[in-house]
Amino acid sequence: MSDCIKTFFKAWQIEDEKLRFSTINSSVVEAIKYDDPRTPETINGIESLNNYVGMFSAHAPGWSAKVIKADSIAGVTRVTVAFSGLGPEGTEQTQLGQYFVEQDGDLICRMVGFVGIGE
């Protein structure tokens, strides 16, 4: 798995907008395309993606997103991500998501995410 994928998900816990933008910028192409169940349409471009990821860190302060499993075939990487942090009751919670990632060289060019891991 490419380091750009790990770097991208590290950005999800960064609350500082400029630092988060810099981190995302180092992991994706300028014309990045991103979809997940919470996006009403495809997110296009780094700035829009930074704003979207910023909503996660704003609404779930202290939570992190960590790649826990990855495999690749035919130029697509399947990534399982654990989103973890303290829930409303003060207990540790983890939600899993699965992403399908395409790269252009060493950078992510398209991501499609799903809630859960398809089981």
Side-chain angles (χ1 to χ4, degrees):
M1 176 187 53
S2 178
D3 287 341
C4 65
I5 298 171
K6 289 180 183 177
T7 299
F8 173 76
F9 284 107
K10 284 181 184 177
W12 286 65
Q13 64 193 17
I14 300 173
E15 294 181 33
D16 179 86
E17 183 179 354
K18 289 181 182 178
L19 179 57
R20 185 178 58 251
F21 180 89
S22 175
T23 303
I24 292 172
N25 190 48
S26 73
S27 62
V28 303
V29 299
E30 189 173 327
I32 180 70
K33 295 188 180 306
Y34 177 93
D35 290 280
D36 76 23
R38 293 185 175 96
T39 59
E41 57 189 37
T42 300
I43 291 174
N44 293 290
I46 297 170
E47 190 167 327
S48 295
L49 184 56
N50 183 49
N51 292 336
Y52 179 73
V53 172
M55 289 189 303
F56 173 81
S57 58
H59 290 89
W63 278 58
S64 64
K66 181 179 179 186
V67 175
I68 58 172
K69 185 177 179 184
D71 58 351
S72 298
I73 188 167
V76 176
T77 301
R78 177 177 58 177
V79 181
T80 303
V81 178
F83 297 91
S84 302
L86 294 179
E89 305 290 320
T91 58
E92 185 74 22
Q93 295 183 346
T94 299
Q95 298 173 0
L96 298 177
Q98 199 160 64
Y99 291 78
F100 295 86
V101 182
E102 295 177 12
Q103 289 182 230
D104 181 0
D106 292 335
L107 298 174
I108 299 166
C109 61
R110 178 149 174 76
M111 295 185 79
V112 178
F114 296 83
V115 174
I117 55 172
E119 294 181 329

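These numbers come from a predicted model, not from an experiment.
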Report the distance from atom OG of S27 to atom CD1 of I108, rounding to the nearest 0.5 Å.
5.0 Å
Side chains of D104 and R110: closer than 4.5 Å at any heavy-atom pair?
no
Side-chain heavy atoms nearer than 4.5 Å, only ILVMFWY residues, links allowed to pass through others: does that put V115 and M55 together?
no
Would you check if the side chain of S22 reaches a backbone N or O of K18 as a donor-acceptor pair within less than 3.5 Å?
no
Report whether V76 and V112 are members of the same hydrophobic cluster (ILVMFWY, side-chain heavy atoms less than 4.5 Å apart, transitive linking).
yes
What distance separates K66 NZ from F9 CZ, expressed to the nearest 0.5 Å?
14.0 Å
Can you name the nearest heavy-atom pair linking L19 to D16, along with the distance?
N-OD2, 2.7 Å
Closest contact, heavy atoms only, G113 versus P37:
O-CD, 3.2 Å
I'd like to check I68 versus L96 (side-chain heavy atoms, cut-off strictly below 4.5 Å). Are they in contact?
yes
In a table with atom names and distances, give each donor-acceptor pair under 3.5 Å that connects a side chain of residues 87-95 to protein atoms at least two apart or in another chain.
residue: E92; atom: OE2; partner: G85; partner atom: N; Å: 3.4
residue: T94; atom: OG1; partner: S84; partner atom: OG; Å: 3.0

Hey, is CD on E102 packed in by over 12 heavy atoms from elsewhere, all under 6.0 Å?
yes
Between F56 and W63, what is the ring plane arrangement, given parallel below 30°, perpendicular above 60°, and tilted in between?
perpendicular
Aromatic rings Y52 and Y34: how do their planes relate, parallel, tilted or perpendicular, breaks at 30° and 60°?
tilted
Here the gap from Q98 atom CD to K69 atom NZ, rounded to the nearest 0.5 Å, amounts to 8.0 Å
Nearest 0.5 Å please: distance from the OG1 atom of T77 over to the CG atom of D71.
8.0 Å
For S26, what residues pass the side chain to side chain contact (heavy atoms under 4.5 Å, CB included) criterion, not counting sequence neighbours?
T7
Interatomic distance, OG1@T42 vs CG@D36, rounded to 0.5 Å, equals 10.5 Å
Side chains of Q103 and V29: does their closest heavy-atom pair fall under 4.5 Å?
no
Backbone N/O of I14 and side chain of R20: donor-acceptor pair under 3.5 Å
yes
Which residues satisfy the side chain to side chain contact (heavy atoms under 4.5 Å, CB included) test with A31, sequence neighbours excluded?
none
Heavy-atom pair of closest approach, residues A11 and V53:
O-CG1, 3.9 Å
Hey, are the side chains of M111 and V79 touching, using non-hydrogen atoms and a 4.5 Å cut-off?
no
Check whether any side-chain heavy atom of F8 lies under 4.5 Å from a side-chain heavy atom of L49, and answer yes or no.
yes
What distance do I46 atom CD1 and I24 atom CD1 have between them, rounded to the nearest 0.5 Å?
8.5 Å
